[in-house]
2 protein chains.
Amino acid sequence: MSMPTIIQVAAMAGVSTATVSRVLSHPDRVAEPTRLRVLEVVESLGYKPNVAARTLRTLRAAKILVTVPDISNPFFASVIRGAEEAARDAGYAVVVGDTRHDPSIEDQYAAMLSSREVDGLIFLGHRLPDNLRPLMSKQGAHAPVVNGCEYSPDIGVPSVHIDNAAAGCDALEHLIALGHRDIGVITGPHVSPISRDRLAGAMQAAERHGLADRLRIHVGDYSAQSAADHVPDLIAQGVTGLFCFSDEMAMGAISAIRQAGRICPDDISVVGFDDLPLARFFQPGLTTIAQPKGHIGQQAVELLVDILRGDDSPVSQITLPHELVIRSSTKRLG
Amino acid sequence: MSMPTIIQVAAMAGVSTATVSRVLSHPDRVAEPTRLRVLEVVESLGYKPNVAARTLRTLRAAKILVTVPDISNPFFASVIRGAEEAARDAGYAVVVGDTRHDPSIEDQYAAMLSSREVDGLIFLGHRLPDNLRPLMSKQGAHAPVVNGCEYSPDIGVPSVHIDNAAAGCDALEHLIALGHRDIGVITGPHVSPISRDRLAGAMQAAERHGLADRLRIHVGDYSAQSAADHVPDLIAQGVTGLFCFSDEMAMGAISAIRQAGRICPDDISVVGFDDLPLARFFQPGLTTIAQPKGHIGQQAVELLVDILRGDDSPVSQITLPHELVIRSSTKRLG
DNA sequence: AAAGCCGATGTAAAGGATTACATTACTCGA
DNA sequence: TCGAGTAATGTAATCCTTTACATCGGCTTT
């Protein structure tokens, strides 16, 4: 029932607990025969150091918390994978938290930092949890907190992201280059800075071609359903091109377009965002903005680890490249 | 820099550490004025109990580990959500681990149990991590380990799952009822018991209709790409109905069917499995077997919590109902 | 052969919270 | 008024590891 402790191991091996500890964490400081004897006992008892005791003593949990607003979105899964790999290399484990866009759950997870359950936090949402405010104002850029994907200049947290304005611009330029003039946009919620940035980029591109006032802007919430709901309006507005701020919304929109008796891309071209793994298997293959998902996670961890190591980190904003991937959901007009 | 401890709080409030501790965990055992005074100090210092110390003392981490073979699969996201809700109700937090189907990563996560970082483990794969063997043979059904989705009778772990054989049977009966006689199946890897069960069910249905030897069986790995790779062969074999053991594979297959110049469901009907959130937005809407994803997670947690509470748990296998959801990827033959 | 060094190991003090048990100061009943 | 009972709080042991410092032979050096 009760698991063996270092004391029992020490007793059985006829050494002190210090030696057992050394065998496990600094093997080279123990004489060969002693080490082998201890290891044998460790093995036979199935001894595993109690992590709580170790953390308490070393003041290091060797864990990084990554919170995502929606774990069911495969986009975040790729970011998490990148983070996990980088974390492993740096000697950290990753704990994943799904906040479901709920501020109170975000706060709950952020509390793991205050209670020292984790050494650092990477949050992929746009909102700095309330209970981190004191920490940020006290420690500033030395606080072990990094923001990924999103970027809110006002919260003063180092972050890793793409140039969302440029990406929004690229998407619109693509539709315009295909001859589309009546273009719809389904954004994310207004509170999301990345949504604002993408929209700003899109509007800038539209303006450049004198199409600013023909842009039909609808507010979604990144979910397929939310996009589908806007499609009847968009069709009534006569759009021939549509830019959705997530692939899920693009899929929802395409589904609704068909439901309305139209066809994508023949009647309406659709551009998505994220390049989910399924984007290329969707019907039609999704034209979309690819984000370097794995890299975002990886860089976020590296930034965080630098902070944890106490390097004064001059780098606090990292912008990674995006890419327009053209498949078959967009087509020349006419 | 260094965070406040209970000792500092006690000193500032002019009480003992015991009182501070009681204020935080048994408020009713402390006199009102004292409690308020302590709370004030706690607030002003931003004190948060050190979780490592608490865990060490109470021998309870208040955490449950849920490992999934592939975090980018939205199916598991739903299971995790269900688990999180049930865990929260029972006073536990959920830690999510992505094993990527890698046994060594599975072992790594399982080690969190041995080192008492978590109180219990729910694993959604099919393989009992090696380093849990001793635990299982020592504690048997009292070990805080539960298996979800999959079910391997031989490993002796309580589990929560659907009746995969019956589900496989349902899927095939549906295709047969639509007039299909040349039916293909894309399974999961053979090591996966759920794949074996689904296949057994499918074959049973085929046999019942004298179609056993016309079944074309291909082995996939649940990924869209793996299914797409088999489609040319299936077409060459002249199948008109296809049963894929995951929605991702169904989507991959449908995409490849189109690539090959055929149309689903006109030329080939496809049945998926899982009913992912995107299944209804796919083109065509996916006919699929819906699993009660949230319930699986929830029941798994409840089972685990029972074990942790020390109730002798007579229940060790829970079978939940599945459902055939008919959309537009299947159609009457001819 | 004395002094100094070194490698191997032991001793014991943290680390921060919880809680059984002890103490204190009242209140109440007889 | 005394003893019992009770509510509020304090004391100190405990959870298990890690690690600075102490100790102890034995070896080298002069």
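Per chain, numbering begins at 1; letters A, B, ... match sequence-line order.
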| Sugar-phosphate or base contact per nucleotide [nucleotides 8-13 of chain C; S, B, -; heavy atom under 4.0 Å] | SBBBBB
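Out of D/dC15, C/dT18, C/dA17, the shortest distance to the side chain of B/Leu56 is found at D/dC15. The nucleotide whose nearest atom lies closest to any side-chain atom of B/Ala53 is, among C/dT18, C/dA17, D/dT17, C/dA17.
The side chain of B/His26 places an N or O atom within less than 4.0 Å of a non-bridging phosphate oxygen (OP1 or OP2) of C/dT19.
Residues passing the salt bridge (charged side-chain N to carboxylate O under 4.0 Å, His left out) test with A/Glu43, sequence neighbours excluded: none. The side chain to side chain contact (heavy atoms under 4.5 Å, CB included) test applied to B/Thr55 returns A/Ala52, B/Val51, B/Ala61, not counting sequence neighbours. Not counting sequence neighbours, A/Tyr47 has no partner by the side chain to side chain donor-acceptor pair (under 3.5 Å) test. Residues satisfying the side chain to side chain contact (heavy atoms under 4.5 Å, CB included) test with B/Ser25, not counting sequence neighbours, are B/Ser21. In this view, B/Leu320 and B/Val160, B/Pro292, B/His295, B/Ile296, B/Gln299, B/Ile318 satisfy the side chain to side chain contact (heavy atoms under 4.5 Å, CB included) rule, not counting sequence neighbours.
Sorted by first and then second residue, the salt bridge (Lys or Arg N to Asp or Glu O under 4.0 Å) pairs with a member in residues 108-129 of chain A read A/Glu106-A/Arg127, A/Asp107-A/Arg127, A/Glu117-B/Lys63, A/Arg127-A/Asp130; sequence neighbours excluded.
A salt bridge links B/Arg35 and B/Glu32; the closest N-O separation between the charged side-chain nitrogens and carboxylate oxygens is under 4.0 Å.
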Just list the side-chain donor-acceptor pairs under 3.5 Å for residues 83-97 of chain A, sequence neighbours left out, or say none.
| unit_1 | atom_1 | unit_2 | atom_2 | d |
| --- | --- | --- | --- | --- |
| A/Glu84 | OE2 | B/Tyr109 | OH | 2.9 |
| A/Glu85 | OE2 | B/Arg100 | NH1 | 2.8 |
| A/Glu85 | OE2 | B/Arg100 | NH2 | 3.3 |

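For the helix from C/dA1-D/dT30 to C/dA30-D/dT1, the rotation axes defined at the first and last 5 base pairs enclose an angle of 50°, given to the nearest 10°.
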